[in-house]
Amino acid sequence: MRIGVFVCHCGSNIAATVDCPSVAQAAKLFPDVVFASDTMYACSEPGQDAIIQAIKEHRLDGVVVASCSPRMHEPTFRRALERAGLNRYMLEMANIREHVSWIGKNKELNTVKATELVRIAAAKLRLNTPLYANQFDVTKRVLVIGGGVAGIQAALDCADAGIQVIMVERDTSIGGKMAKLDKTFPTVDCSSCILGPKMVDVAQHPNITLYAASEVEEISGYVGNFDVKVRRRATYVNWDACTGCGLCMEKCPSKKSYDAFNEGVAPTAAIGISFPQAIPKKASINAEFCMKLQKGKCGVCAKICPTKCIDFEQQDTIVSEKVGAIVAATGYDLFDWTVYNQYGGGRYPDVVTSLQYERMMNASGPTAGHIKRPSDGKEPKRVVFIQCVGSRDKAVDRPYCSGFCCMYTAKQAVLTKDHIPDSDSYVFYMDIRSPGKGYDEFTRRAQEQYGVQYVRGRVSMIYPKGDVLVVRGADTLAGTQVEVEADLVVLAVGIESSKGAPHLAEKLRISYDHYGFFMEAHPKLKPVETNTAGVYLAGCCQGPKDIPTSVGQGSAAAAKVLTLFAKDKLESDPQISRVNQNRCVGCLKCTMTCPFGAVKDVKDRAGNTKAEVVETVCQGCGICTVTCPHGAIQLQHFTDNQILAEVNALCQPEMEF
Amino acid sequence: MSARNGVLSDTRELRVVGFLCNWCSYGGADTAGVARFEQPTDLRIIRVPCSGRIDPLFIMRALVSGADGVLVSGCHPRDCHYAEGNYYARRRLELLKQFLPITGIDPQRFEYTWVSASEGARWQEVVTKFTNRIHELGPAPRMQGGSGYDELCLKQIEEGVKQGPACPCHKERAL
Ligand code: SF4
Ligand code: SF4
């Protein structure tokens, strides 16, 4: 074999702490290496051209690139090899940036380490063989998990492009958090007026199948061919017959039910439609509060329902769907702020969350748009807003910034003035973060035009005094303590990943961070892709985002799906296991271990049992390879011999260069 | 470049080999790099698709041919990109760990752990701790030349690890 080695400087990223020319020089001594050089930016166009030229000039049949992580540029260099006429699997990479130059400062040690990593790569490459991809069909349907604004956007974009969309929403209506908002910043336009039509489009689009009150139960398969099982929760109402008249809601005697849509601002009936613009506009029963389901008595709704659609016997059902791609758009939930004892820990009724306040200001909310104190229903004249509640606070393990609270607090302060012109608003903040189009102008308007008083500092405690709440905090700009008597306190509660997000990530086989936010494939360059092919992200499930960014990401995810579906056939990854039938004794240990059921048993001509790998099902984990007592089933590109060659290159009794 | 024995004698590195799964731990090591979390430089990483791809044989081979320490890292339980590869890894590697003293190798020289792709800081900690541990143990006694191991014996050890008893905790599945 004729191997070429290319050691990348990555500008000064690598070259600052690794002596790249020396690494290249040393590589020339490795077996089969016939060419080695260092290069400024291997991934740049001239860098790739130089590799291609060297392949041709020196008749190379394998290439080692020592540069950044293969998780970053392996595809880039594989394409370069292909352009030079080599098989793309004749490439090995040595990660001398993330694993060497960026984590150690000692240039000598780094240079030795980089050289050894090249040595491992070259040793493995000597055993590489060309691999060829097969083609398989794509199911051109997409599953969108989550019907918030990001999911809606992704679904509509895909559906408009002619793709069948399956949308699964956990709540009884789509709309997500945006549907709960009264107005949006910085334009202060009505949230449901801009979201509502999109929700209706989802309901009416011939290409969208909507499963509300449903959850993803199980996902199997792989890009292009996922099998999804969806659990449709019992709503105790036959949705095919329900016309959404709302009669049941009026007549239900159990009026103390928790109103999740209105964030518990006021109770609601045990049966009903979560909000007037709900999609689908169907009633459902909250089993926890239904007297019939709990105690077996009542059944008023069943008697009065004009279409007789109440069904107390209804059970969950499971539906199966086949899709080729999945968009996860599961959004966020609010941080549980009651851990903050200094804010009353939930004991004071007049301390509310920003989302509750949003519902209180909304004309179709429980107070019909009149801001009233929960304690006595009076109109508050002095409202204090506290920012960063469960954001940027290590003490509660939420060190990240939730991103949009500064903006919605300004919006709510502005709206408070609109609702109650003789009111005063105070905002306690840490820093104002308003990087967005028209955002900073907006927070300034709140202060200058609406007279909202901004106090830079943390609130140390809230305590009741008569029928007001005293908010005590520091004014760090003035260097003084301040006390404000408030009729109502609104907490800008930070966000966290939606409940059950890690669980879904496990089903999707994608990574998630410490806080449950899903991991994108690359923080800069692949913000909507995940490391699992065919699974994309949109909205706050990946991290805090405001509405325009969520919508943008929804469209981006749709674009990725459409790109995937633009081809009629997908290429399978040839890095899968293969059975050497001569060595296989038919013990079928591999069949039993494979988590994907990819190994089936076949009979050879003499009637002996042999194992055989189903190409499209094998995921290339190599679990079977370790299991086989005869080394008969080998994961291509990671065979026993290849990995042992790497070990041998590294562990020799006398390592000398 | 005889840097290893000469100039650097006071900061002499030991031979630490890492086997990392591509999806979680290799990503975690990348994340640590991107965040510039400084680490001891001894470790050399071999990338495998899944911790379930790691044959205890590889670890034995490394340890008997000069590695002073071997570190394996995969996805956290339940997070495996291949659903259950890390469970296989855990059983195999735990068995290997129990088995090491029989071969005369200090089990302290081998460790397996779980690091996710987002846990750059955790990776830094794992590498630092493990490398320090190996430095405390010092260079591994060399197997060749009078340590009593011959090729045949070695082969048997490898075979033994490989065939190991079927694991009862995983239904009928083979180890
Ligand atoms: S484990 Fe090996 S020998 Fe047994 S059936 Fe599978 S490939 Fe054949
Ligand atoms: S590599 Fe082996 S165990 Fe893994 S999916 Fe393929 S056949 Fe199954």
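Treat the numbers as computed from the prediction; the structure is a model and nothing was measured. In what follows, chains carry the letters A, B, and so on, assigned in the order in which the sequence lines appear, proteins first and then strands, with residues in each chain numbered from 1.
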**Q** Can you pull out the residues in residues 517-526 of chain A with any heavy atom less than 4.5 Å from chain B?
**A** A:Met519
**Q** Is the closest side-chain heavy-atom distance between B:Leu57 and A:Leu644 below 4.5 Å?
**A** yes
**Q** Quick one: pull up CG in B:Leu43 and CD1 in A:Ile103 and give me the separation to the nearest 0.5 Å.
**A** 7.5 Å
**Q** Within the 3.5 Å criterion, strictly below it, is a donor on A:Asn531 or B:Asn22 matched to an acceptor on the partner's side chain?
**A** no
**Q** To the closest 0.5 Å, what do you measure between OG (A:Ser577) and CZ (B:Arg53)?
**A** 7.5 Å
**Q** Taking every non-hydrogen pair under 4.5 Å, which of B:Ala32, B:Gly27, B:Ala83 racks up the most with chain A?
**A** B:Gly27
**Q** Under a 4.5 Å cutoff for heavy-atom pairs, which residue among B:Pro49, B:Ala62, B:Cys50 has the most contacts with chain A?
**A** B:Pro49
**Q** Taking all non-hydrogen atoms of both residues, which atom of B:Asp55 and which atom of A:Val626 are closest, and how far apart?
**A** CA-CG1, 3.6 Å
**Q** Taking every heavy-atom pair that is under 4.5 Å apart, which of B:Phe19, B:Trp23, B:Phe37 has the most such pairs with chain A?
**A** B:Trp23
**Q** Given heavy-atom pairs under 4.5 angstrom as the criterion, report whether the side chain, backbone, both or neither of A:Ser220 touches chain B.
**A** neither
**Q** Are any side-chain N or O atoms of B:Arg15 and backbone N or O atoms of A:Leu650, one a donor and one an acceptor, separated by less than 3.5 Å?
**A** yes
**Q** What's the spacing between B:Glu84 CD and A:Phe596 CZ if we round to 0.5 Å?
**A** 8.0 Å
**Q** For B:Cys21, which atoms come within 4.5 Å of any heavy atom of chain A: side chain, backbone, both, or neither?
**A** neither
**Q** Only pairs of heavy atoms separated by less than 4.5 Å count here; which of A:Glu98, A:Lys113, A:His514, A:Gln575 has the most with chain B?
**A** A:Lys113
**Q** Can you name the closest pair of heavy atoms from B:Arg47 and A:Glu74 and give their distance?
**A** NH2-OE2, 2.9 Å
**Q** By number, which residues in residues 115-134 of chain B have some heavy atom less than 4.5 Å away from chain A?
**A** B:Ala117, B:Ser118
**Q** Do the non-hydrogen side-chain atoms of A:Val647 and B:Val17 ever get within less than 4.5 Å of each other?
**A** no
**Q** Is it the backbone or the side chain of A:Lys105 that comes under 4.5 Å from a heavy atom of chain B, or both, or neither?
**A** both
**Q** So which atom in B:Ala29 and which in A:His99 form the shortest heavy-atom distance, rounded to 0.1 Å?
**A** CB-NE2, 3.4 Å
**Q** Tell me the closest heavy-atom pair linking B:Asp30 and A:Arg71, and the distance in Å.
**A** OD2-CD, 3.4 Å
**Q** Listing request: all disulfide bond (SG atoms under 2.5 Å apart) pairs with a residue in residues 83-140 of chain B, at least two apart in sequence or in separate chains.
**A** none
**Q** Between the side chains of B:Arg44 and A:Glu646, is the shortest nitrogen-to-carboxylate-oxygen separation below 4.0 Å, so that they form an ion pair?
**A** no
**Q** Counting only non-hydrogen atoms closer than 4.5 Å, does B:Ile59 touch chain A with its backbone (N, CA, C, O), its side chain (CB onward), both, or neither?
**A** neither
**Q** If we ignore hydrogens and angles and just use 3.5 Å, is the side chain of B:Tyr82 paired with the main-chain N or O of A:Ile623 as donor and acceptor?
**A** no
**Q** Heavy atoms only: give me the nearest B:Tyr88-A:Thr593 pair and the separation to one decimal.
**A** OH-O, 3.1 Å
**Q** Going by residue number, which parts of residues 67-75 of chain B are within reach of chain A, meaning a heavy-atom gap below 4.5 Å?
**A** B:Ala67
**Q** Please flag which part of A:Tyr512 lies under 4.5 Å from any non-hydrogen atom of chain B: side chain, backbone, both or neither.
**A** both
**Q** Which pair of non-hydrogen atoms, one from B:Ile45 and one from A:Leu117, has the smallest distance, and what is that distance?
**A** N-CD2, 4.2 Å
